[in-house]
S.K.: 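Provided herewith is a single structure, encoded as structure tokens, for subsequent inquiry.
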Amino acid sequence: MKTSEDCVNKNYLEYVKAISPKTNQKRTLFHAFWVGGVICMIGQTFRFILELGLNITGDELSGYVSMIMIFLGAFLTGLGVYDRIGKYAGGGSIVPITGFANSVVSPAVEFKTEGYIYGTAAKMFTVAGPIIVFGVASSVLVGILYFIGYRIF
């Protein structure tokens with residue numbers, strides 16, 4: 001038996017489907033692919049510059065490249081450029097490390113009018129917070145398992 005709520009939901013979904021713009025999936029995937037590739041190419045360029053120009057290697061090189069890309073993502077988000085890149089590229093802009101920087105900075109910029117504590121500081125980790133917590137918890141669990149496995153074997 002259908003309730004009136006089911007009819008309302010069905011009517012609403014039909015309305016949304018009728019007024020929603022149709023997307024060209026091939027074009028959207030192409031934009032995501034090439035923009036994500038360009039972002040990764042920029043990171044690789046910084047890697048080559050630091051490796052060949054400044055003779056930095058190993059973990060130090062990876063750390064510097066990550067810091068540069070995070071800075072660029074946060075800086076472009078602050079200028080409002082990364083949002084336009086995201087609107088154009090979709091998922092291609094959120095996959096690299098710059099997308100993570102964008103997810104931290106974007107809410108902070110949006111809620112800065114609420115003050116530094118309740119706006120910027122509190123809202124900064126609304127999107128990225130669960131990712132950070134899960135990453136830290138997972139790394140602790142893997143570290144404990146590695147430690148136990150190392151002691152036993």
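Atom set for the values below is all heavy atoms of this structure, side chains included, hydrogens, waters and symmetry mates excluded. Quick caveat, the model's predicted, so the values are computed rather than measured. Position 1 is the first residue of the sequence; numbering continues from there.
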S.K.: For residues V65 and L52: do they belong to one hydrophobic cluster (side chain heavy atoms under 4.5 Å, members Ile, Leu, Val, Met, Phe, Trp, Tyr)?
M.R.: no

S.K.: Going by side chain to side chain contact (heavy atoms under 4.5 Å, CB included), name the residues that satisfy it together with I144, two or more places apart in sequence or in a different chain.
M.R.: V140, I148

S.K.: Checking F33 now: which residues fulfil ring-ring contact (aromatic ring centres under 6.0 Å, His included) with it, not counting sequence neighbours?
M.R.: none

S.K.: So, taking the atom named CD1 in I42 and the one named CG in L72, what distance separates them when rounded to the nearest 0.5 Å?
M.R.: 7.5 Å

S.K.: Enter the distance from Y82:OH to T77:OG1 here, rounded to the nearest 0.5 Å.
M.R.: 7.0 Å

S.K.: Taking side chain to side chain contact (heavy atoms under 4.5 Å, CB included) as the definition, give me every residue that meets it alongside Y88, ordered by chain and number, with sequence neighbours left out.
M.R.: H31, W34, V35

S.K.: Which pairs count as ring-ring contact (aromatic ring centres under 6.0 Å, His included) when at least one residue sits in residues 41-72, sequence neighbours excluded?
M.R.: F71-F75

S.K.: Looking at CG of L61 and CD1 of I49, how far apart are the two atoms once the value is rounded to the nearest 0.5 Å?
M.R.: 11.5 Å

S.K.: Which value, rounded to the nearest 0.5 Å, describes the distance between L50 atom CG and I56 atom CD1?
M.R.: 5.0 Å

S.K.: Show me the donor-acceptor pairs, under 3.5 Å and distance only, between side chains in residues 129-138 and residues at least two apart or in other chains.
M.R.:
residue : atom : partner : partner atom : Å
S138    : OG   : F134    : O            : 2.8

S.K.: With side chain to side chain donor-acceptor pair (under 3.5 Å) as the rule and sequence neighbours excluded, what pairs involving residues 41-56 come up?
M.R.: none

S.K.: Apply the hydrophobic cluster definition, ILVMFWY joined by side-chain contacts under 4.5 Å directly or through others, and give me every member besides L145.
M.R.: L141

S.K.: Hydrophobic clusters here meaning ILVMFWY residues chained together by side-chain heavy-atom distances under 4.5 Å, can you tell me if V38 and L29 are in one?
M.R.: no

S.K.: Residues in side chain to side chain contact (heavy atoms under 4.5 Å, CB included) with V142, at least two apart?
M.R.: none

S.K.: Rounded to the nearest 0.5 Å, what separation is found between the CG atom of L76 and the CD1 atom of I39?
M.R.: 9.0 Å

S.K.: With A32, which residues qualify under side chain to side chain contact (heavy atoms under 4.5 Å, CB included), at least two apart?
M.R.: none

